[in-house]
Amino acid sequence: MLKTGAAALGAGTGILNGPPVLEAQRTQAPAQAPGLITGTQTGRSFRGLVRHGSTLDVQEMRLRPIDPRQVVIRSMAVAPCYTIVRGALSTNPAPRAEVPNHCGFGVVLAVGPMVKRVQVGDRVIVAGTSQCGQCYQCLQGRPDYCQFTFFSNEQGVEPFPPFAQFPDGTPVYAQAGIGGMSELMTAFEEYCVPVFTDLPAAQLTLLGDQLSSGFAAGHADMHFQPGCDVVVFGAGPVGLGVVQAGRVTGAGQVIVIDPIKYRRELAMKLGATTTLDPVAEGDGLVERVRELCRGPNDRRFAGGVTWGRAGNAVMGRGADFVVEAAGLQAFPPKAEAQPDPTNVKTVQQAWDCTRMGGHVMLMGLTLQPVSFPGTSLALLGRTIHPGQQGGLHVMRDIPRYVKLVEKGIIDAQSVISKRYTLDESRQAVQDTADRTIITGVIEFA
Ligand SMILES: [Zn+2]
Ligand SMILES: [Zn+2]
């Protein structure tokens, strides 16, 4: 997910220009929300995990006034994303106080006067990507690149002003304008997806980012086909979403590659047909995958291994769909380590595992440049799909995924390894970094 990068991109569509105003008192409380607090929440005290100075700990804050298009949400559950651990646990001094993460789940307490999408009392998933419906990208059918998320910083304007402050007045920001790891969060309505279900908060929060991104990779963007061969690098919460997309599609094979044994075992439970340890496979990994995908024999229609070479590479069939959901290794884990912590080699292997004419999606973060042979890039016909939330259209897809979780078709429960209180939230981030859990969910009292 690119939200961390989006935050770093900086500022300014102009939406936030001008002074913030107090959120409006709603004149009529919605029927589904009797007894909930309505009206202004400005000045309200709350607690949250804050990265400030060189530390990450739970702090007391007060809410600042919201923008006319923002929503105040009482958090119910949040799952820290691996993308944020590198910054959250850094020992370098933070440039500003910030509540980490970029998704969450809770109940709407108040809305700004221009908000239309949600009402007070709604249960909302705050997704890592917006869907404004009005920008060029949304109008081209690509809300996974909604311009509301991808602010430009040409004007040097801070896109998301601080949403809270410490008792001494020091401003507190929310990472990517969302945060999530605090009792109260604010979000622009474009990120809010109201959901109407009795599913538990701990499962719903996974649909704001990790699990829904993985599932979307297979259905919202690449369109897995029944009987196809799917390869997934990385069996974290994103990769396990891809695995489930393969299972739901009726993929012929779902081959999962992860060095961590307990993750491979969970992948088998959730729909993998084969798992491979990339450390044990070593340099033979790609050939092993191609062997698994070669078909029943060498006849042409089966895509056997004897139909040619490109340079030194055997052009056996390869997988129809490959998803790289491993990402770089931000810290040495307490579980089994990745063979390449930079993830560069993994991206190249994902490309190499894909058949000619096949599809590969790159979802994990890789900070180093990645090179591909130019001739292969031009001639071997692999389509590279960008992995920003797996192509998720949050307003279209998340309500669908809620139904699939309700029906037991998507298993969200199995992806939750451990639950934490807010006071234990730093440990949740640490465990995420250590890769001793798939997903840790912080539940708010
Ligand atoms: Zn994320
Ligand atoms: Zn948009």
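Because the structure is predicted, anything quoted here is derived from the model rather than measured. Whatever order the structure lists them in is the order used to number ligands and atoms, beginning at 1.
Between the Zn ion (ligand 1) and the N, O or S atoms of Asp209, the shortest distance is to OD2.
Under the side chain to side chain donor-acceptor pair (under 3.5 Å) criterion, Gln427 pairs with Asp431, not counting sequence neighbours.
When rounded to 10 degrees, the angle formed at the Zn ion (ligand 2) by SG (Cys146) and SG (Cys132) equals 100°. With the Zn ion (ligand 1) as vertex, His102 NE2 and Cys81 SG subtend 110°, rounded to 10°. Rounding to 10 degrees gives 110° for the angle at the Zn ion (ligand 2) between SG of Cys135 and SG of Cys138.
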- Task: In sequence, state the C-alpha distance, the side-chain angles, and the governing distance for Asp229 and Gln253, and then conclude on side-chain hydrogen bond (donor to acceptor under 3.5 Å, both in side chains).
- Result: CA-CA 5 Å; Asp229 289 334; Gln253 294 192 86; 3.2 Å; yes

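A donor-acceptor pair under 3.5 Å is formed between the side chain of Gln70 and the backbone N or O of Asp67.
Using a 4.0 Å cut-off between charged nitrogen and carboxylate oxygen, Glu265 and Lys269 do not count as a salt-bridge pair.
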